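Ligands are counted one by one from 1 in listed order, and the atoms in each one are counted from 1 as well. Because the structure is a prediction, the values reported are computed rather than measured.
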Amino acid sequence: MMGFIFSVLLLSGIAAGLALILVISEKVIQNYGSCKITLNKGKKELTVEGGKPLLTTLKEQKIFLPSACGGRGTCGVCKCRVLEGAGTLLPTETPYMNDKERKEGIRLACQVKVRNDMEIEIPAFLFAIQQYQAKLAAVEDLTYDMKRFRFELLEPDRMDFIAGQYVQITCPAYKKGVDEVSRAYSIASDPQDNHFVELIVRRVPNGICTTWMFDYLKAGQSVQLTGPYGEFRMSDAQAPMIFIAGGSGMAPFVSILHQMRHAGSTRKADYFFGGNSVRDLCLGQQMAEFEKAIPSFKFNPVVARPQPEDNWSGQAGLVTEAVKRQYSDLSGHEGYLCGSPGMIDASIKVLVGLGMPQDKVYYDKFA
Ligand SMILES: Cc1cc2nc3c(=O)[nH]c(=O)nc-3n(C[C@H](O)[C@H](O)[C@H](O)COP(=O)(O)OP(=O)(O)OC[C@H]3O[C@@H](n4cnc5c(N)ncnc54)[C@H](O)[C@@H]3O)c2cc1C
Ligand code: FES
């Protein structure tokens, strides 16, 4: 009996000792201490605590790199150039890098940990991205699964953005088991109405941020936004344009149409909006107003599977088929696409197949 008790005590002692060694080694090994990050050849120098991803570390220092997936390593937009101190490229980064980027030391800031002094380069315009305190001013139902959220900016109280850009919203840890995350949403409002930012959001079943926005976020509540981010925007050319988007992909086009209306644009723009069924269509009234204000603009809603009870007399089928029905040569056009990666890839194929140069197809993938 004594032998058994002795063995149990001995094993427990060994286990406790091992646990202690683990804790100490974690503290010693994972404690990277204070690290220096030099940005853009000395334009800025930061002294930070090591141990966190570069993206988070920079955010804590109020330098906001785009991070459309909120740091999950799935969007590839948090790229920056690391000249020193990042170690070798990680398997999680390789799918997002071409050969040129690898050679230039481009890395995903959300995957690289700050473990020692680093030297990095980021596009200069990123220094201008700010954090905004805002409050939810109004919410409007657009369809059964889409809402428009209107945020009033409080501090700073204005955001200068270009139609087509997006913001990131911080979704707090609103229930047990959910950590704070941030997600990207295209700005769907008038760039001149810059005391407010409107977003058109589609509910993703069980999605962390959209569940919060639809079920928890209430009018008057404070939120945190950063931005504006992104290169998606109308080019300066005068070439006629094809817009393609379904669902919440409509958001940047609403902003672009405001911009065209203000500029008195005469540039031809044909917008093909795809929905699965009639209940996916929205903003018909606003689109009709844009058609009146911008005579060169035409809105073409297309329903993939209209039901007999819908009495739908408009275009039916896939949005890409509607484009093909209307155009046989798009070599002089530009394409603007927004929405799911699947829809964008299918649309690019069709537009390029109709002669549109690949480099004249601009898009923002919602992924
Ligand atoms: C540049 C950019 C702009 C964007 N603009 C908008 C916008 O204007 N309006 C808008 O509604 N969304 C937009 N998105 C998508 C948005 O950022 C979120 O990815 C989306 O709202 C889901 O977030 P979530 O936290 O609710 O879901 P998550 O918790 O991230 O995802 C839950 C599950 O749903 C899947 N999932 C993630 N996103 C989608 C999706 N879009 N459709 C179907 N399944 C999905 C995930 O793979 C996961 O399995 C944009 C994305 C990018 C990159
Ligand atoms: S934020 Fe780094 S890959 Fe999306």
Side-chain angles (χ1 to χ4, degrees), residues 53-59 64-80 82 89-97 101 106-113 122 126 142-143 145-149 151 161 163-175 177-189 197-217 225-233 245-256 276 280 282-283 337-344 362-367:
L54 179 60
L55 181 74
T56 318
T57 307
L58 292 176
K59 187 178 174 194
F64 304 102
L65 263 49
S67 62
C69 70
R72 290 177 295 184
T74 57
C75 69
V77 302
C78 61
K79 287 178 183 172
C80 68
V82 183
L89 199 68
L90 301 166
T92 45
E93 299 174 89
T94 47
Y96 300 98
M97 304 295 165
E101 287 172 327
I106 304 294
R107 305 294 298 263
L108 292 186
C110 70
Q111 301 299 304
V112 171
K113 238 187 187 182
I122 62 171
L126 290 179
L142 298 183
T143 67
D145 68 349
M146 284 206 317
K147 286 181 192 285
R148 175 155 50 188
F149 295 84
F151 296 99
F161 63 92
Q165 288 193 294
Y166 67 92
V167 290
Q168 289 191 189
I169 188 164
T170 304
C171 165
Y174 60 93
K175 65 176 182 185
V178 169
D179 291 333
E180 180 184 294
V181 294
S182 71
R183 296 282 184 263
Y185 294 99
S186 303
I187 304 173
S189 44
V197 163
E198 288 179 2
L199 309 178
I200 293 176
V201 181
R202 180 178 218 158
R203 185 196 277 274
V204 171
N206 302 318
I208 296 172
C209 186
T210 54
T211 301
W212 170 66
M213 292 181 80
F214 276 63
D215 299 340
Y216 291 78
L217 182 59
L225 305 172
T226 58
Y229 299 95
E231 300 297 310
F232 186 69
R233 63 196 57 181
S248 55
M250 180 176 248
F253 295 107
V254 176
S255 192
I256 286 172
N276 262 332
D280 293 308
C282 65
L283 294 184
L337 320 170
C338 216
S340 70
M343 186 281 283
I344 289 184
Y362 306 102
Y363 55 83
D364 237 359
K365 286 189 179 176
F366 283 9

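If you check which protein heavy atom lies closest to atom 38 (N) of ligand 1, you get Val204 CG2, 4.2 Å. At the top of the distance list for atom 18 (C) of ligand 1, counting protein heavy atoms only, stands Tyr185 OH, 3.8 Å. With respect to atom 7 (C) of ligand 1, the closest heavy atom belonging to the protein is Phe366 CE2, 3.3 Å. Of the protein's non-hydrogen atoms, the one nearest atom 53 (C) of ligand 1 is Ala68 CB, 3.2 Å. With hydrogens left out, the protein atom closest to atom 27 (O) of ligand 1 is Gly207 CA, 3.2 Å, a heavy atom. In terms of protein heavy atoms, atom 10 (C) of ligand 1 is closest to Ser248 OG, 3.3 Å. From the protein, the heavy atom lying nearest to atom 30 (O) of ligand 1 is Arg72 NH1, 2.7 Å. For atom 29 (O) of ligand 1, the closest heavy atom belonging to the protein is Ile208 N, 2.9 Å. Ranking the protein heavy atoms by distance from atom 3 (S) of ligand 2 puts Gly76 N, 3.2 Å first.
Heavy-atom separations between Lys365 and ligand 1 include at least one value shorter than 4.0 Å.
Distance check for Cys78 against atom 4 (Fe) of ligand 2: none of its N/O/S atoms falls below 2.8 Å.
In this structure, Leu90 CG and Lys113 NZ are separated by 11.0 Å, a value rounded to the nearest 0.5 Å. Note that the CG atom of Leu225 and the OH atom of Tyr166 stand 13.5 Å from one another [nearest 0.5 Å]. The CD atom of Gln165 sits 10.0 Å away from atom CG of Asp364, with the distance rounded to the nearest 0.5 Å. The NZ atom of Lys79 sits 9.5 Å away from the OH atom of Tyr96 when rounded to the nearest 0.5 Å.
Residues Cys282 and Thr143 share a closest heavy-atom pair of CB-CG2, 3.7 Å. Shown here for Cys80 and Leu54, the closest heavy-atom pair between the two residues is SG-CD2, 3.8 Å. The two residues Leu108 and Gly76 have their closest heavy-atom pair at CD2-CA, 3.8 Å.
For ligand 1, the polar-atom distance check against Asp364 finds no nitrogen or oxygen pair separated by under 3.5 Å. The shortest N or O to N or O distance between Thr211 and ligand 1 is not below 3.5 Å.
At a heavy-atom distance under 4.0 Å, only backbone atoms of Ile200 (N, CA, C or O) approach ligand 1.
Considering each of Ala245, Ala184, Gly342, the one bringing a non-hydrogen atom nearest atom 15 (C) of ligand 1 is Ala184. With Ala251, Pro252, Ser186 as candidates, the residue nearest to atom 5 (N) of ligand 1 on a non-hydrogen basis is Ser186.
For ligand 2, the atoms sitting less than 4.0 Å from at least one non-hydrogen atom of Gly71 are 1 (S), numbered in the order shown with element in parentheses. Under a 4.0 Å criterion applied to the non-hydrogen atoms of Thr74, ligand 2 contributes the atoms 3 (S). Near Val201, the atoms of ligand 1 lying under 4.0 angstrom from a non-hydrogen atom of the residue are 11 (O). When each atom of ligand 1 is checked for a heavy atom of Cys209 under 4.0 Å away, the hits are 24 (P), 25 (O), 26 (O). Short contacts between ligand 2 and Cys110, defined as distances under 4.0 Å to a heavy atom of the residue, involve ligand atoms 1 (S), 2 (Fe), 3 (S). Within the listing of ligand 2, atoms 3 (S) sit less than 4.0 angstrom from a heavy atom of Gly73.
Remark: atom 24 (P) of ligand 1 lies closer than 4.0 Å to at least one protein heavy atom. Counting only heavy atoms, the protein gets under 4.0 Å from atom 20 (C) of ligand 1. Counting only heavy atoms, the protein never gets under 4.0 Å from atom 49 (O) of ligand 1. At a distance under 4.0 Å, no protein heavy atom can be found next to atom 46 (C) of ligand 1.
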> Which is it for Tyr229 and Phe64 under the side-chain contact (heavy atoms from CB on, under 4.5 Å) test, yes or no, and what are the steps along the way?
Replying inline: CA-CA 9 Å; Tyr229 299 95; Phe64 304 102; 3.3 Å; yes
>> side-chain contact (heavy atoms from CB on, under 4.5 Å), that's the test. Do Arg72 and Val181 meet it? Break it down for me.
In response: CA-CA 10 Å; Arg72 290 177 295 184; Val181 294; over 6 Å; no
>> Walk me through whether Val178 and Thr211 qualify under side-chain contact (heavy atoms from CB on, under 4.5 Å).
In response: CA-CA 11 Å; Val178 169; Thr211 301; over 6 Å; no
> Step by step, would you call Val254 with Glu198 a side-chain contact (heavy atoms from CB on, under 4.5 Å)?
Replying inline: CA-CA 10 Å; Val254 176; Glu198 288 179 2; 6.0 Å; no
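Contact check on Arg202 versus Asp145 returns a salt bridge, with a Lys/Arg side-chain nitrogen under 4.0 Å from an Asp/Glu carboxylate oxygen.
Proximity of Asp215 to Arg203: side-chain heavy atoms (C-beta onward) are separated by under 4.5 Å at one or more points.
Ring orientation note: the planes of Tyr174 and Tyr216 are tilted relative to one another, at an angle of 30° to 60°.
Shown here is Tyr363, whose OH atom has no more than 12 heavy atoms of other residues, nucleotides or ligands within 6.0 Å.
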